[in-house]
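Beneath this line is the structure, given in C-alpha cells, with notes to follow.
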Amino acid sequence: MKTVIVSALLLRASVEAALYKSKTPPMGWNSYNYYGCNPTEDIMHTNAQGLVDLGLADLGYEYVTTDCGWMAEERDSEDRLQWNTDLFPSGGVALGDFIHGLGLKFGLYSGAGYYQCGSTDLPASLGYEEIDAQTFANWSGDSLKYDNCYASSPTIEADYTSAVSTSPARHEKMAAVLDGVDRDIAYFICQWGVGEDIGDWAPPISNVYRISNDIYNAWRSIWRITNQVVPYYRSTTVGAYPDMDMLIVGLNALSLQEEKFHFSMWALNKSPLNIGAPTSTKLTSAASLAVLSNKEVIAIDQDSLAKQARLVRRYTEEEWDIWAGELSGSRTVLGIANWKNDSQTVEFDLSVVNISSANARDVWAAEDIGAVSGVQSFELAGHELRLLVLSDIIESNALPKSTGKYYSAANATFGGSAQEVDCGAGTCAPKGNKISIPSEGATATFNSVAVGSAGTKLLGIDFINYDVALDTAWGWGTNTRNMTVAVNGGTAKRWAFPISGGDWYESDRMLIEVDGFVAGANQVVLAAYEASSAPDIVGFEVFE
Ligand code: GAL
C-alpha cells in the first residue's frame, strides 16, 4: 500500500514540475454549444477566422477547440486516432496549420473513457493515452480538453457514482503522459467534478478543471454553476482555474442584461472564457459581441493575481449577492448581483468588504464614479450584475467582532428528523460533528445564544453542502440547500447555501444578517425549508 502511495505522489510531483501552465485563464472558442457533436472543417475555419475578423483574437480569445465528433470510427493500423475525412477532408495537421496561420492556438478534444461523449462509435483515449498524446503533439495541438464519458463501461455514458468514474486516476494518467510529449499542451480537465474533491487533485496537474455538469443554454444554469464554483477560491491560483464551462453569450439564450451578468460572474471567478456562439452569424449581434469584447471585464478575469472572488453576502429572500475579489495593484472588484427578475434598489455599507473609502469605477458603464465611502445604494435592473473596481482603498477595520462563543450540536435540541451526525473520518471543521436537518419539520434549536445588544447580528454559519446534483440539477433541479433561521419566535427567513466543498465533510462559512436579537439570551431556530433538506450545519458564531 505504502509503495503505491509513494509512487502516486512521485508521479504527481513530476507532473507538476513540468506541465504547461497558463498565467491567466485560457480564452477561446469551442464548437460544442452551438454545433453539438457535429463540427466540420468549414465550421472550424469560419469560426477561427471570425475570431480574428471580429477583433476577438486581439482581445485574447485564442484556443480554437473542435469538441466531440471530429474523429473517425477506426484507429489507423498503428492505433492512432484519425480525423473523419468526410467532415475534415484536410485532416488534423492542416487544421492546425490553418488555426496557427491565423495566430491562434489549436485545441483538441478527447475523453478518458471507452467512447467519446455523444457516441458509441467514436473511440476515446482510455488505454491509448501514450499514442493519443503523441498524435495530438504531431498535429501541433496546443491544448487538450479531456472529457469523462463512458468512463466505467461502454454502455453508461455519464456515470456519476462508480469508483472508476469518480476516481481522478484516468485524468491523472493523461496529465503524466502529456507531460512526457515534446510539446506544450495545455491540459483542460473535463471530469465535471465527480467524486474525489477536484479542487484538491486537479489544480496541480491541469490548467483548468470543469467544476460542474454542462452549462445548459438558459438563465437557470447561471445560478447553478455560480453556486457550484463558490468553494474553489481555496485552490484557484495562477495556472489553475475553475472552469464554469462555455459562455452562452450570443446564443439567444439570455437577455443582454443576463449576458453581462454571466460574463461578469465568470470573470469574477477566474473561469476560462470560451465562446460558444458562432462568430460568423450569432455574434453579428453588436450587443453580444460588445459583451464578449469588454476589455475591462476581460481584464478582471485575466488579472495577474488570479484570485477568485468570494461570496461576501447573500440576501436570499431579497435575491441579491455581494461578491468581492482581490485584484492586482491593491484593487478590489465588487460584483453586486441581482438574481431577481425585476429591478430593485439595494444598499450596503462598504465596511462589509472591509473598506472605508476608495475610488470607484463602474465597469459596464465605463464611468469613473470617484470617491465612495460608507453606505452605497444601487438601482439594479432585473438580472443585472453591477461590477465596480475599487482602487486607492482605505480599509475600515470596522467589521463586527465575534462574541467568542460557538454554537454547535452540543448546544442544540432537535425536532423532527434533525439529529447530530458524526463526521467520522472527515474533518468537519471546526467541530468534528454536524447537524443534519434533512426534511420538512426538522429543527435545531439553540436556546441561549448570548449577545450584548438588541438588533441585527451577523451569523457566521459553518455549513456543508455537497449536493452537486450532477444528474438532477442540469435541467430544473438545484444544487443549493435552503435553511430558515428564526430568532425569538420571529419570522423564519430563508437562506440559500451554495456548494461548500468537495465532499460531505468540507464546510464553508456563509455570513448572514439576522434580525430580532435582544440583549442577553436568545432563541435561534434553524429549520429545513419546506420539503427539502437544509445543508448540514457544523455550527455558528455570532458577530456584533
Ligand atoms: C460533456 C462535456 C461537454 C461537451 C460534451 C460533448 O461531457 O462536459 O463540455 O464536451 O461532453 O458531448
Side-chain angles (χ1 to χ4, degrees), residues 26-40 43-44 47 63-71 73 81 84 87 107-126 132 136 141 143-162 164-166 168 170-171 174 186-195 198 202 206-218 221-222 224-225 228-229 241-249 251 253 262 266 271-277 468-471 473-475 479:
M27 295 168 65
W29 187 89
N30 177 298
S31 56
Y32 181 63
N33 272 4
Y34 188 72
Y35 300 99
C37 295
N38 305 295
T40 65
I43 287 172
M44 297 313 297
N47 283 288
Y63 286 95
V64 180
T65 303
T66 316
D67 208 281
C68 53
W70 59 265
M71 67 278 287
E73 290 180 12
L81 289 171
N84 177 334
L87 304 174
L108 290 159
Y109 167 91
S110 188
Y114 293 89
Y115 297 114
Q116 299 294 348
C117 295
S119 94
T120 45
D121 303 317
L122 303 181
S125 297
L126 187 63
D132 289 357
F136 300 148
S143 60
L144 175 66
K145 173 177 171 182
Y146 204 47
D147 219 323
N148 198 31
C149 293
Y150 298 104
S152 54
S153 102
T155 52
I156 305 170
E157 182 171 21
D159 172 354
Y160 302 129
T161 49
S162 82
V164 171
S165 177
T166 59
R170 289 161 300 107
H171 285 79
M174 186 51 107
Y187 188 36
F188 303 161
I189 291 178
C190 180
Q191 188 258 14
W192 321 311
V194 294
I198 197 163
S206 63
N207 282 262
V208 312
Y209 49 99
R210 272 275 298 281
I211 50 97
S212 67
N213 209 333
D214 296 6
I215 194 164
Y216 186 87
N217 291 358
S221 281
I222 310 300
R224 166 177 57 93
I225 297 175
Q228 200 127 342
V229 82
Y241 313 100
D243 186 349
M244 298 169 80
D245 205 0
M246 286 162 265
L247 298 162
I248 57 173
V249 175
L251 288 172
H262 165 37
W266 268 228
S271 173
L273 300 176
N274 282 307
I275 298 172
V468 289
L470 276 156
D471 42 0
W474 191 71
N479 53 1

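Note that ligands are numbered from 1 as they come in the structure, with each ligand's atoms numbered from 1 the same way. Any value given below was found using the heavy atoms of this structure, including those in side chains, with hydrogens, waters and symmetry copies removed.
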So, does Arg210 sit close enough to ligand 1 that a heavy atom of it is under 4.0 Å from the ligand? yes

Would Asp147 count as a polar contact of ligand 1, with the cut-off being nitrogen or oxygen pairs under 3.5 Å? yes

Under 4.0 Å from one or more heavy atoms of Met246, ligand 1 contributes atoms 9 (O)

Between the side chains of Asp67 and Tyr35, does any donor sit under 3.5 Å from an acceptor? no

Between Cys117 and Cys68, is the SG-SG gap less than 2.5 Å? no

Check: Ser110/Ser125 side-chain N/O donor and acceptor closer than 3.5 Å: yes

Return the orientation label for the Trp70 and Phe136 ring planes: parallel under 30°, perpendicular over 60°, tilted otherwise. perpendicular

How about Tyr109 and Asp147: does a side-chain donor come under 3.5 Å of a side-chain acceptor? yes

Find all atoms of ligand 1 within a distance of less than 4.0 Å from any non-hydrogen atom belonging to Cys190, and give their numbers and elements. 2 (C), 8 (O)

Verdict with supporting geometry, Gln228 and Val468, side chain to side chain contact (heavy atoms under 4.5 Å, CB included): CA-CA 7 Å; Gln228 200 127 342; Val468 289; 3.5 Å; yes

Considering only heavy atoms of Cys37, which atoms of ligand 1 have at least one such atom less than 4.0 Å away? 12 (O)

Could you tell me whether a side-chain N or O of His262 sits under 3.5 Å from a main-chain N or O of Leu247, the two making a donor and an acceptor? no

At less than 4.0 angstrom from any non-hydrogen atom of Tyr109, what atoms of ligand 1 do you find? 6 (C), 10 (O), 11 (O)

The answer for which part of Lys145 has a heavy atom under 4.0 Å from ligand 1 is side chain

Heavy-atom contacts with Cys68 under 4.0 Å: which atoms of ligand 1 show up? List them by number with element. 6 (C), 12 (O)

Sub-4.0 Å atoms of ligand 1 with respect to non-hydrogen atoms of Asp67: 4 (C), 6 (C), 10 (O)

